[in-house]
There are 2 protein chains.
Amino acid sequence: MELRHVRYFVAVAEELSFRGAAEKLHMAQPPLSAQIKALEEELRVRLLERTTRSVRLTHAGRVFLEEARAVLAASAQAEQRARDAAQGLAGTLRVGIIAPVAGAWLAGILRRFRQRFPGVQLSLFDLTSTEQLRRLHARELDAGLLRPPIGLPELDYKFVGESRQVLAVPAGHRLARKKRLEWKDFHDEELVLIHPSAQHGFYDPFFAACAKAGARLRPVQYANDIQTKMWLISAGFGIAPTTATLGEVKRPGLVFRALPAGLPPVQTVLAWRRGDPSPVLEHFCKGFEPFMSLSIL
Amino acid sequence: MELRHVRYFVAVAEELSFRGAAEKLHMAQPPLSAQIKALEEELRVRLLERTTRSVRLTHAGRVFLEEARAVLAASAQAEQRARDAAQGLAGTLRVGIIAPVAGAWLAGILRRFRQRFPGVQLSLFDLTSTEQLRRLHARELDAGLLRPPIGLPELDYKFVGESRQVLAVPAGHRLARKKRLEWKDFHDEELVLIHPSAQHGFYDPFFAACAKAGARLRPVQYANDIQTKMWLISAGFGIAPTTATLGEVKRPGLVFRALPAGLPPVQTVLAWRRGDPSPVLEHFCKGFEPFMSLSIL
DNA sequence: GGCATTGATATGCAATTAGTATCAATGCAT
DNA sequence: ATGCATTGATACTAATTGCATATCAATGCC
């Protein structure tokens, strides 16, 4: 069975006339009769009851007509969705994110994208930057919002925002009471850090500044995710530098303080595989224009 | 687009290899490539990313693959349902019934039918015999359970049951207290009848017997349906002969009494258009075998 | 670096679909 | 009742196109 048979049958069933249907299909009547006959022979089912003066649907024909319309609808939808997908109006997009960007800024961008491209299914994955890079390489992600450096030549990326580092301290902590912090104030302080395996270089500028000022730090607690890290700090286990955007998250017992000047901002980049030019992806990347260097992120 | 294109594409997308797919499809590789190319050109969408060593789906291809599977499923279902319909396993059947047959007997037959033919959609229409005949003629019904006579030459029918007539009387009525009724007892009695327009001959044998015994009747109330008729009787408006099967229906204030001997049984027939040989209909008719002359109906 | 394997291309052929001419049957109008 | 117009079927021809064979260029792998 081919779609031609289905199209022809629906035309005849709707017109209840071979000649009429043939005209509608811009073809001659004999080949139309032949095709319908072939369809009936393949199905081994009589679909139409013809006399020389009239055409009627058999019971099987009535049933088949319903199904035939469904087939044509499915095929039309298949064509449409393929075209949509080619224009970036349909499809799926798997995007990696890190916890610090999951704030109002990204929510706004995603909302706009979903409004403009309702046919695209967005799947978000909360992963570390390292894991995102692995999955981008393995084609398990289409894009990722993560921290540089990238380090994979096959990936392209662009900066989409930057943010200061701030200090997260337990409420009532010694440093929470100080008005203006200096690097030597961190001497002997206990730190709550994200485990090195899920981290590449985020703390390095902080460590360097402390070392330069002669402040020796004491890493005492390692967490695997941001939520645990913030909880440990609020529970008084120590202090830690954090991205300023996390200040959006209020938590009892947790306060934020400005760090001494001199730290480079934390950058967020959007990365994707180069030479994998999905129009959906292109639209998604455009949603991050223009570059927001002064974003609160 | 033809189903051939869809089938070929799904094969290639699943194998991710033209040669492999061609083998699976029992054809050579070059024509397969040509067909996929034709499909892509018609859709104006690149579905597959090929190098000389590997085949990958594009994003549009991934979307199209999903839809393509739906198209194939729809077409397979269309073929199956058409075949089922031809064997009487699928389709719809519009059946007319009259209130007196809507009892346990018919319920059992219909339940059996629906179990054996779950693909057939049964639509029941509660109509008078007269209206059923009109709709059978107009092809608005496929079968009807009704009272003879039929009177239309294009219809075929068979007896499916018969039932005595009994007398419905209000509780406490004069005739309800009598042990054994005679025809002359009906002299001067008030009758509750179904309106003549919805009735052909049901009361005639009763009228004839009364007249023969010299009992003059007084029709005082006409109802349009059985429910109203029974309600009127229970409310004391009069008495009426009724089909014995309605004794299944208990109603406060309503009792049934045997009529004097001599009335012919009320027959129920199953009627359908001759020369309209739907296998669904045939199966339905078979459900009424064997002939149930001693049915309580 | 050689080799086997992959998808693309070129070309001839076969199958099938569409078109033309015509016929028999039937409903309708006179 | 009867002639006529219209319908779907049939016979045959023409054109399309889908398929197979032979071959090539590119690429991953040993």
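Here is how names work: the chains are called A, B, and so on, in the same order as the sequence lines, proteins then strands, and each is numbered from 1. None of these values were measured; they are calculated from a predicted model.
Between Glu15(A) and Lys24(A) there is a salt bridge, with a side-chain nitrogen of the basic residue lying less than 4.0 Å from a carboxylate oxygen of the acidic one. Looking at Glu14(B) and Arg69(B), a side-chain N of the basic residue comes within less than 4.0 Å of a carboxylate O on the acidic one, giving a salt bridge. Under 4.0 Å is where a charged nitrogen must lie from a carboxylate oxygen, and between Arg83(A) and Glu79(A) at least one such pair does. Using a 4.0 Å cut-off between charged side-chain N and carboxylate O, Glu131(A) and Arg134(A) make a salt bridge. At a threshold of 4.0 Å, the pair Glu2(B)-Arg7(B) does not count as salt-bridged, since none of the basic side-chain nitrogens sits closer than that to a carboxylate oxygen. A salt bridge links Arg50(B) with Glu40(B): the distance from a Lys NZ or Arg NE/NH1/NH2 to an Asp or Glu carboxylate oxygen falls below 4.0 Å. A salt bridge does not link Glu23(A) with Arg19(A): none of the charged nitrogens is closer than 4.0 Å to a carboxylate oxygen. Between Arg274(A) and Glu154(A) there is no salt bridge, since no side-chain N of the basic residue sits under 4.0 Å from a carboxylate O of the acidic one.
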Dump the pairs, protein N or O against N or O of nucleotides 11-16 of chain D, anything under 3.5 Å, distances to one decimal.
none

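Rounding to the nearest 0.5 Å gives a distance of 4.5 Å between CG of Leu270(B) and SG of Cys285(B).
Atom pair Ile36(B):CD1 and dT9(C):C1' shows a separation of 17 Å (rounding to whole Å applied). Spacing between atom CD of Glu49(B) and atom P of dA8(C) amounts to 11 Å, rounded to whole angstrom units. Regarding Leu32(A), its CG atom lies at a distance of 15 Å from the C1' atom of dT10(D), rounded to whole Å. Taking atom CD of residue Gln35(A) and atom C1' of nucleotide dA18(C), one finds them 9 Å apart after rounding to whole Å. Spacing between atom NZ of Lys37(B) and atom P of dG18(D) amounts to 14 Å, rounded to whole angstrom units. Note: CZ (Arg50(B)) to C1' (dA8(C)) measures 9 Å, nearest angstrom. Remark: P of dA18(C) and CZ of Arg7(A) are 11 Å apart, rounded to the nearest angstrom.
Sorted by residue number, the list of members of residues 39-47 of chain B with any non-hydrogen atom under 4.0 Å from DNA chain D is empty. Within residues 13-29 of chain A, the residues that have a heavy atom under 4.0 Å from DNA chain D are, in order of number, Ser17(A), Phe18(A), Arg19(A), Gln29(A).
Evaluation of the ring-ring contact (aromatic ring centres under 6.0 Å, His included) rule for His5(A) yields no partner, not counting sequence neighbours.
Each end of the helix from dG1(C)-dC30(D) to dT30(C)-dA1(D) gets its own axis from five base pairs, and the two axes differ in direction by 30°, given to 10 degrees.
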Requested in this report: Show the numbers, then the answer: is there a side chain to side chain donor-acceptor pair (under 3.5 Å) between Thr128(A) and Gln132(A)?
Outcome: CA-CA 6 Å; Thr128(A) 65; Gln132(A) 283 189 47; over 6 Å; no
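Between Phe284(B) and Leu110(B), the closest side-chain pair of non-hydrogen atoms falls below 4.5 Å. For the pair Leu47(A) and Leu39(A), the minimum side-chain heavy-atom distance is below 4.5 Å.
Judged purely by distance below 3.5 Å, without hydrogens or angles, the side chains of Arg4(B) and Gln35(B) pair a donor atom with an acceptor atom.
Outside the 6.0 Å centre-distance limit, the rings of Phe113(B) and His283(B) are not counted as a close aromatic pair.
If you check dA9(D), dA8(C), dG19(C) against the side chain of Pro31(A), the one that comes closest is dG19(C).
Using a 4.0 Å cut-off, some side-chain N or O of Ser33(B) falls inside it from OP1 or OP2 of dA8(C).
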Requested in this report: List the protein contact pattern of nucleotides 25-30 of chain D with one symbol per nucleotide (5' to 3'): B for base contact, S for sugar-phosphate-only contact, - for none; contact means a heavy-atom distance under 4.0 Å.
Outcome: -BBS--
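Counting heavy atoms of neighbouring residues, nucleotides and ligands inside a 6.0 Å radius, atom CZ of Phe202(B) exceeds 12 of them.
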